[in-house]
Structure formats: C-alpha cells, structure tokens
Amino acid sequence: MKKVTEIKSMQAEMARHKQQGQSIGFVPTMGYLHEGHLTLVRNARKENDIVVLSIFVNPLQFGPTEDFAEYPRDFERDRALAESEMVDYLFYPSVQEMYPNKPAVTVSVQDRTDVLCGKSRPGHFDGVATVITKLFHIVMPDKAYFGKKDAQQVAVLEGLVSDFNFPVELVAIDIVREQDGLAKSSRNVNLLPQERQQAPILYKSLLAASQAIEKGERNPASLVQLIEGMLKSHSNVAIDYVTILSYPQLKPLEELTGKVIIALAVKFSKVRLIDNLILDLDQEEPLCIAQ
Ligand code: PAF
C-alpha cells in the first residue's frame, strides 16, 4: 500500500493506472475506520483493479460549534486496517494541501438540504459536496463507495454527480451495525458508558416504527410520535429530529407511500448520532432495503 499526501502525486499515479485501462474504486473517509468503512473497502476491492482510500477530516463540513477538533483521529491504526484490507493507495492530505487558501470557489447544494441534517447543520452539505468534487478530480474514480447511514449525503452526492456530469458511479452500501443494533460510527467512541448502553434505542425505535407500518400505520405524525416516545423514555438524548420523507427526493409526505426514509438525529452529551431505515412500501411485504 502506498501512502500519498500530495495532490499532484496522487493525480499522476491515478492517470498512470487509467492509461493502463485499470478501474479505480474510491472510498472517501474522515478516518477512525470501523467495520462500516471496511465493508465499503471490501466492496471496492471486489469490483475494481485499484482501490483508493482517503482519510481527510474536512473542516469545510463542520460548523463553528461542531466537533472538528474532537473528531477522533488515529492514523497508525487506520493505516494498519487499510493495509490489511489490501488498499492500494492511502490518500492522506493535510488541510494545508487541500485548502492552501480560503477557497475562492465552493459548491452550493440547492436541493435536499433544508431537511434532516441539512436543517440543523447549515453549510454542511456544501462542505461535503466541495471536498468530494476536489477528491473526485484528484482520484478520478470509476466507482465511489458511501454508506447508507448518511442517506442524505448519498442523496445530495447523487445530485452532485448527475448535475456536474462526473463520470463516476456512486455505490451506496448498507448500514453496518453493532450486535445490539447501534449503527457503527467513528463518533460512537465518544459516548459515555451509560450513553453507550442507551444508544441501541435509536435502532429499536426505528424498528418499532417499521413494525407499525407493517401492521398498516401510514400516518407520518403517529410514527414520529412513537419513535420520539421511545427515545425519550429510554434515554437522556436531546432529539434533533425524527422525520419521515420520500426517498431519495427527501420531500414531506401526508401519508406514507412508495420509497420512504425514517431518519433520526439525537444528541448525547458529547456526540450527535444519526440513524435511518429506508422502506419500500410498494413491495407487498414492506421491504427494509437499506439495512
Ligand atoms: O461521510 C464522510 O465521512 C464524509 O462526509 C466524506 C464523504 C468523507 C466527505 O468528507
């Protein structure tokens, strides 16, 4: 595995592989790798000649009061994990390398950002779309892999790829969970022990909603109430949102129909966690397609 820190060297390496007709699979991350990331890498390994993993904690996607400084980092551990998954290139640029100056041009996302995380994190998806635009120009991947835990990110990036005609196929991979149902996240490490015990209620409340849907419930407000009730009675979290929308359009629904996302975000003392279920109600049996 080759570690590359400079943009120019990365572009030269990638151009060489492209000239040789090799396909490039790309897994962009902010590091502190967990099983969710490794699942993305394994899919990339299966489907491409060359696998690139990037580690870059992107300051542009953190708000002024968010956890950029506290975001967990452990490069040596990440490097060992990437090596064991047979990653070919580990792209690890510094902030100075990626943003030598305050960017003169950034990407501004116009749709799908006024709901879910976009509502409480203004500018977050502009930061994600800007760094992904840069990374796609640097890595020039054929396929890029993202986790469905960040379902809104996937929806926004699908818009980016389509509107800017990137010759990249986005591959969205199912959420990887701990045995107790908690979605794997780099941020889980910052949960206090008591909060870690409470955290599985996020997924349990989503499952309770999907069971209610299976029994015929179609009213979004009732389902939101059910989830919020469970979260409040089994944990001390502050609820950021519990929302049900069409997917991937992310539009509000009066009554559940078609493909929908049930999404939530909650704040523990030091960590904000998200989770979701995507269901297709057009299937005879409501089919949980995202988990
Ligand atoms: O999902 C993430 O880790 C980040 O948002 C991403 C896609 C690597 C962009 O910084």
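Order of appearance sets the numbers: ligands from 1, and atoms from 1 within every ligand.
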**Q.** atom 3 (O) of ligand 1 [closest protein heavy-atom partner, distance rounded to 0.1 Å]
**A.** Met30 CG, 3.6 Å
Q) When the ring planes of Tyr71 and Phe62 are compared, do they come out parallel, tilted or perpendicular, using 30° and 60° as the limits? A) perpendicular
Q: Please write down residue, atom name and distance for the protein heavy atom closest to atom 2 (C) of ligand 1.
A: Gln153 NE2, 3.9 Å
Q. Taking the side chain as C-beta and beyond, is there a heavy-atom pair between Lys184 and Glu178 under 4.5 Å?
A. yes
**Q.** Whether Glu97 side chain and Ile7 backbone form a donor-acceptor pair below 3.5 Å
**A.** yes
Q) Polar-atom distance check: Thr29 versus ligand 1, any N or O pair below 3.5 Å? A) no
Q. Relative to the heavy atoms of Val131, which atoms of ligand 1 are at a distance of less than 4.0 Å?
A. 9 (C), 10 (O)
Q.
Main chain of Asp49, side chain of Ser23: is a donor-acceptor contact present, judged purely on distance under 3.5 Å?
A. yes
Q.
Using a 3.5 Å cut-off on N or O atoms only, is Gln61 in polar contact with ligand 1?
A. yes
Q) Tell me the side chain to side chain donor-acceptor pair (under 3.5 Å) pairs involving residues 75-88, sequence neighbours left out? A) Arg42-Glu85, Arg45-Asp88, Glu76-Arg79
